[in-house]
Protein chains: 2
Amino acid sequence: MTRATLDKSAGVEGNLKTKKHVYFFGGGVAEGSASLKGLLGGKGANLHEMTKLGLPVPPGFTISTEVCAYYYQHSRNYPVRLKDEVALALRKLEAAMAAKFGDNQIPLLVSVRSGARASMPGMMDTILNLGLNDATVRALATQAKDERFVWDSYRRFIAMYGEIVLGIEAGLFEQALEDKKTQAGIKADSEIDASSLQALVKEYKALIETKTGKVFPQNLMEQLWGAIGAVFGSWMNARAKSYRELHGIPESWGTAVNIQAMVFGNWGSTSATGVAFTRDPGTGEKKFFGEFLVNAQGEDVVAGTRTPQPVNEESKNEANKNQPTLKELFPKSYEELVGIAVRLEKRFKDMQDIEFTIQKGRLFILQCRNGKRTARAALKIVVDMVKERLIDQKIAISRLKPQELERLLHPVLDPQAKRDVVGRGLAASPGAASGQVVFDPETAERWVADKKTKVILVRVETSPEDIRGMHASEGILTARGGMTSHAAVVARGMGKCCVAGCEKLGVSYERKEMTLGGRVFKEGDAITLDGSTGEVMAGIVPTIRAGESKDLIELMTWADQRRRLGVRANADTPADARVARQFGAEGIGLCRTEHMFFNGERIKSVRKMILAESREEREGALAEIFPMQKQDFAGILREMQGFPVTIRLLDPPLHEFLPHEKAEQEELARELGVSLEKVKQRVEGLKEFNPMLGFRGGRLGVVYPEIYIMQTRAIVEAACELAKAKVEVLPEIMIPLIGEARELKMIREYVQAECERVLKNRGVRVNYKIGTMIEVPRAALTADEIAAEAEFFSFGTNDLTQMGLGLSRDDANRFLPAYVEKKIYPADPFVSIDEAGVGKLIQMAVYLGRKTKTKLKIGICGEHGGDPQSVIFCHKAGLDYVSASPYRVPVARLAAAQAARVVKVKSC
Amino acid sequence: MTRATLDKSAGVEGNLKTKKHVYFFGGGVAEGSASLKGLLGGKGANLHEMTKLGLPVPPGFTISTEVCAYYYQHSRNYPVRLKDEVALALRKLEAAMAAKFGDNQIPLLVSVRSGARASMPGMMDTILNLGLNDATVRALATQAKDERFVWDSYRRFIAMYGEIVLGIEAGLFEQALEDKKTQAGIKADSEIDASSLQALVKEYKALIETKTGKVFPQNLMEQLWGAIGAVFGSWMNARAKSYRELHGIPESWGTAVNIQAMVFGNWGSTSATGVAFTRDPGTGEKKFFGEFLVNAQGEDVVAGTRTPQPVNEESKNEANKNQPTLKELFPKSYEELVGIAVRLEKRFKDMQDIEFTIQKGRLFILQCRNGKRTARAALKIVVDMVKERLIDQKIAISRLKPQELERLLHPVLDPQAKRDVVGRGLAASPGAASGQVVFDPETAERWVADKKTKVILVRVETSPEDIRGMHASEGILTARGGMTSHAAVVARGMGKCCVAGCEKLGVSYERKEMTLGGRVFKEGDAITLDGSTGEVMAGIVPTIRAGESKDLIELMTWADQRRRLGVRANADTPADARVARQFGAEGIGLCRTEHMFFNGERIKSVRKMILAESREEREGALAEIFPMQKQDFAGILREMQGFPVTIRLLDPPLHEFLPHEKAEQEELARELGVSLEKVKQRVEGLKEFNPMLGFRGGRLGVVYPEIYIMQTRAIVEAACELAKAKVEVLPEIMIPLIGEARELKMIREYVQAECERVLKNRGVRVNYKIGTMIEVPRAALTADEIAAEAEFFSFGTNDLTQMGLGLSRDDANRFLPAYVEKKIYPADPFVSIDEAGVGKLIQMAVYLGRKTKTKLKIGICGEHGGDPQSVIFCHKAGLDYVSASPYRVPVARLAAAQAARVVKVKSC
């Protein structure tokens, strides 16, 4: 293909012909800046920015993300001008480094790294030491006067190149290295001598020839373009796809490629490489924090193969407390690094994660980015930064991911509970988790999906391939790796509890067992992790609730000033209601009465009611349940005084209350004085083909009005008694599963009559409301008619999703994952509201409902009420409030504030 | 309440004060006419009309239906002027009859009858002989010179009044009558002498005093107002409500009250009463047809307590063939009656049902109305009347109820089959029916609902209380009653098969058994009825299909010229397809491929496919199924040449194909060479909580593309081979259960690729289409996006109803009847499309779909496609076609023609 035809084939992307593809940085000058993240990727943009700030960044250049897009749109071909641009940039780089690519005196080596717009740690590929071949390795050896360092660099490069560019299994290179160490009778990589490394290079090259049928490329430009292609190719590898999916990163963004002059942390004992944070990523405390390794390169620190040293006293932990710090070993570099950290934080107004290398005593900054942090740290950092006047309240609110807050509020291990501690590792990601031990990510996923069990994933160390399994697990335990190891970083990002680098932990994947503290745990045995202390315990340790932090209270005050949406909680008991209030719920949006039906002795009366053969018998059983229900309601109404409490009348199909095991059925038969046969028959007779769409909700109210009348009486009598005691009560009676206005009318009329009857008898006035759930699609479609019979609507988005999408949540696990994976649905519709479908029903119902009643109060009580994306949707749709589980109330409050800041209510 | 306050309370209905409430007719003059059916009820309006026509109608007056409405809106009070108007009309009536109400010389007697706008035979109440008391009975006796007749009239009046006005159980009066007959040792009512009747009157009066604590009213105005109140009251009785519900008659219509001078068919042997039809109500043949009883009154003929006599030779049947005819006994009256019949048919342009009475040789017409008829008769009558130029084609089309046509096409007993005939009755309503014998309507309803069994209701005679049970039954068998008995009339109206008046039939309700032909049948035993011959057979007799009649073909030609909607059939086999074509289907709207999966040996391959553990294994099993599927499709495509055939890819959840019994599972395990445990596990693992919303339809296509690819290949290869043989094939591949455009896109793409691959290989061009069902609410809501991926839509209204209303059809029988009864849903939404909900989704989908593709082809393939009401909706909604079961194709064709006549397509 000639250049002319190539240009022509580029056709519509013609502007790329004249567009710049390559951006140079170095020597205090850069063609890009931090504002060009979209074009240069996060890593690239920051390298340009740091260069401009005058920081010691090795020079280099960035191939833009546009090239990645072009590459995939054109069957993996590059824009025609790219080659020339790269060549030009390379010449500039040679000039800046006073070295030449392929020079046999002072050869230039480069790193080739991916860099997407959003950070995807470890998800894509990096090649170091590119520029080495059989000739330059000798030149470098002469120049560096350190044979060992040079051969180590060469063998690392060949292995990386072999794996990443040529697709050879990494294990084969590792195996050869291990064999070498075994032969030499040594343990640490750093003990291998130069000649062994040189032999290893030979073996690696032979391995490549055997595996690929070609010799390892000696042509440096071939090396370079192979590496660039591998980086672009890595954008579509399974790990990267999976990471994007989990983090909602669009595929269209693409990655940039950063080609940068190498500096060496593995150049002897005056060299080092490390990672540091401007604040503690675990707690958010304002203290410089980091880890490093002497005489190491690149991924050694984060790969977790050696336990890294602390940069300072503040960074010490159990595992590394006896090791010398960076401050001690490299005091000058340390001071310089601390100074750079301060400048970077000022520039980027966020906590920074900095990769640095010390080459023969000279500090270089290889990367900076906003640091990953625990939820706790994230909260503390934004609140502190507002106080430091680095950011304002609005930015503080927008910067926190609402779902992270939830983790702060979840239970921690009960300090009173006995802990059978069997070992201790790094407290790598806070929180507590119990579960069954599994040793591979597939089992983790499968057990959670199939057995509905909770698992703890135990690994020697984790790698990006383990992502899905980590996601499925409650917590992660590793034998190796530090606070910045893969396991630790990813777990913090996911908000999973993680204990890392538990050095005494023995793991056998083959026998599926682990040993710790002299004990053996087989697959399936229970353990508990405390991610805040690093303790590993045998068995399940009970948990208690954590209190709210002062930081959270402060942030929530700022959020509450900004949000328009009300936030309520779903709570069925006075205890839940209390938690909900503590978390700032402004009412209860869903109190499920059926949970009360199961409590203790009353289930007997409930079963008696269900097995009743006449209205009289049924009313007899209901009379037994009545005082207990009344007490339940009194408890909740008292707890929520001054706030509305939406109580849903009985919803589930009656067969859910009946025993299905023979022994239980026999007991029931005995208690009720009927035959086992009769109990069996009735249980059998109540079974349904599709219970979700069966005899439940308002249908119970149509066929057995006496049930709803009893519940209504219990609510209103409880309310009256509290009202008499000067407790302000605002009960809202909610009728579930309504599909047609006449159905609601019939039930509403008798419920209202019962309310009025009780109020008249008691001689009290109570402000009560009667409303309905909108959870059947038809209710949304006919909401104008339904609204005539309702004082409020509450969207039951769980069922609305099940019916609207024809998707049984209990059965969807066999195909829904495939749907999310194939991007048929952008997200699990049970997690975030399906806006195009269910959302449309909600918008219609809001529009139609308010057409009939302008001031109709509308909320949502499905589990989506605590999902930030869905909260934003609810804000847009003009709802009055969302209702979430108590622990998600702060999540919803923050999401509502974020929604108010960025989105207007959409008038339908 | 004073008159002033009464007037005031009338308030909003003020116009009623000045409005006329009472309309007089008599002596050739009438204040009303046939056009005032709404005001005067059907019976009243026709009495007025007949009076105007100069027919011998006894004079009387009608209290309008407006009074009924007022009565129920005003706590059962009357408009204030009513009393005066009634008194005035009564005076006019006295003048016309030259008799006086309560006169002790020539006392006036009247009948008081209900009369609603639509005929509700036997549903409401009638009181005869009103005006008799202890004084007038003697006056009448003197005047009539027939003691027996007079006392018989009085005892009948007291019994009717006691039952209807005073609410005493009718059985008590009957018992007293039976006792009298037993004492006297006689059998027939007509044999009881005058003194016994006089004694009976005493007993009846004593019975009333005992039961009500009051004496039987001697005040005639009290009697009259009591009767008027009872008639209005009867509008709301259970029978009337139930009848209205079954026939869709609005409650708001109300009934009129007709008060008419009595004439007596029970005045000795020169008197008679009867019912006649202007054409044969069973066959539609143009012949005068009827039954009568000598010396009988009012309801005796229709009550079925005596087997009536034929009016002429043409009316004779097995039961009455030896009795003298009306023509023989009353030749003058017969000729007069025939002449009247001709005039009435000309006037009303429809077959008439005429009630007549002969009093001492003089003919009176008491009522005429459009006669009930069998479907067969209805068809013949309209086609004949068009030929007679009595009506035009448009009226012919509009007059037939489309659903009635179905009955004409349903199977009849196989003439080759052995018939174990055990008895014979009247062929009261045609058709054939087999089922289990039940003896009470409640059992009929329960068995059908719970056991999903077919039943035959066997009764001595039926009464309006039996309506629901009759509706539930396949057929009705009675021991007593003629062709115009309750059982016969109602069964014909319902299109149920009925054998009535089977005199040799012995029925014991107590022992729940019947005897016939020396055989005993217990409840649950099977019998078969032939409603066209009157035969009763033991066991189940197989049926075959009836051909189309010439009349039907003619009517369908008229209908097809007028309809816009296409009509297709749902058919899964070549045989079904052939029937569909015979019935005029213009294509197949739904061919379900899963039914083919069950056929014979192939179920084994299907099970192998389901139990496969890899795509390869699955493809192996699919390869076995492929040739069979191809053959199936070839058969159907050939049968439907020149017409489109919509083939739905696999839809049901896979577990439906697996055996659930242990023995079957063992066999499967053996066949597949796997362990029983494995089969069990897989069956267990595939079970779902809500299979309707589970892993089925397009979801199978997303997870196992190989299944749909195999089906596509089978369709297109079959099509190619036929196309090569010059058969015009138009396959339409339909993808089920789609909820999202991307889901459809993914499947459509590989289906299309497979189509193109086969066509290219075969080197043939076949016009095929790929489309989707719209059956998930979300598909309707996002139809604009879905349309981009579909060449046609077909509404699956069964599932759209289940999901849209949150209503599992399999589970709804426990509450849906209550919903229809309480009028929450106006009709069963699985029978007629729920227009407000599901209809709205359909309208949205049509609008959105055509917004994307103006010419998008849209049909419906749910069972609603054969429901006339739903067909009208589909016409309005702008669909291109409906698809119905083969037997309902003519129904749909007629309904479509009716829709085109009355409704415009609604532009959305």
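Just so you know, these numbers come straight off a predicted model, no measurement behind them. Computed over heavy atoms, backbone and side chain alike; hydrogens, waters and symmetry mates excluded. A, B, ... follow the sequence lines: proteins, then strands. Residue 1 opens every chain.
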For [X] and [Y], which heavy atoms make the closest approach, and how far apart are they?
| X | Y | result |
| --- | --- | --- |
| A/V703 | B/A818 | CG2-CB, 4.3 Å |
| B/M844 | A/L781 | SD-CD2, 4.3 Å |
| A/M803 | B/G806 | SD-CA, 3.6 Å |

Chain A interface, residue from [options] that has the most non-hydrogen pairs under 4.5 Å:
| options | answer |
| --- | --- |
| B/V838, B/L805, B/D450, B/T782 | B/L805 |
| B/S808, B/A780, B/G837 | B/S808 |
| B/G739, B/A812, B/A779, B/A836 | B/A836 |

Item to check | Residues of residues 688-697 of chain B contacting chain A, heavy-atom criterion under 4.5 Å, by residue number | outcome: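 Listed by number, the contacting residues are B/E688, B/F689, B/N690, B/P691, B/M692, B/L693, B/G694, B/F695.
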Next on the checklist: Does anything in residues 827-845 of chain B form a salt bridge (Lys or Arg N to Asp or Glu O under 4.0 Å)? List the pairs, not counting sequence neighbours.
Outcome noted: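 Qualifying pairs, neighbours excluded: A/R778-B/D834, B/E835-B/K876.
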Item to check | Heavy-atom contact with chain B under 4.5 Å, split by part of A/L686 | outcome: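 For A/L686, heavy atoms of backbone and side chain both lie under 4.5 Å from chain B.
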Checklist entry - A/K822 versus chain B, heavy atoms under 4.5 Å apart: side chain, backbone, both or neither? => result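 Contact with chain B involves the side chain of A/K822 alone.
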Next on the checklist: Tell me every residue that passes side-chain hydrogen bond (donor to acceptor under 3.5 Å, both in side chains) with A/T453, counting only those two or more places apart in sequence or in another chain.
Outcome noted: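 side-chain hydrogen bond (donor to acceptor under 3.5 Å, both in side chains) list for A/T453, sorted by chain: A/Q436.
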Item to check | A/R618: partners by side-chain hydrogen bond (donor to acceptor under 3.5 Å, both in side chains), with sequence neighbours left out | outcome: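 With sequence neighbours excluded, A/R618 shows a side-chain hydrogen bond (donor to acceptor under 3.5 Å, both in side chains) to A/E706, given in chain and number order.
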Next on the checklist: Quick check on the interface: out of A/R699, A/K687, A/E785, who has the most heavy-atom pairs with chain B under 4.5 Å?
Outcome noted: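 Among A/R699, A/K687, A/E785, the one with the most close pairs to chain B is A/R699.
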Checklist entry - For B/Y819 and A/E743, does a side-chain donor sit closer than 3.5 Å to a side-chain acceptor? => result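 Yes, a side-chain donor-acceptor pair sits under 3.5 Å.
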Checklist entry - In Å, rounded to the nearest 0.5 Å, how long is the span from CG of B/L807 to CD of A/E740? => result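 If I round to the nearest 0.5 Å, the distance is 12.0 Å.
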Item to check | Exceeds 12 heavy-atom contacts within 6.0 angstrom, atom NZ of A/K853 | outcome: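 Yes - once you tally the heavy atoms of other residues, nucleotides and ligands closer than 6.0 Å, there are more than 12.
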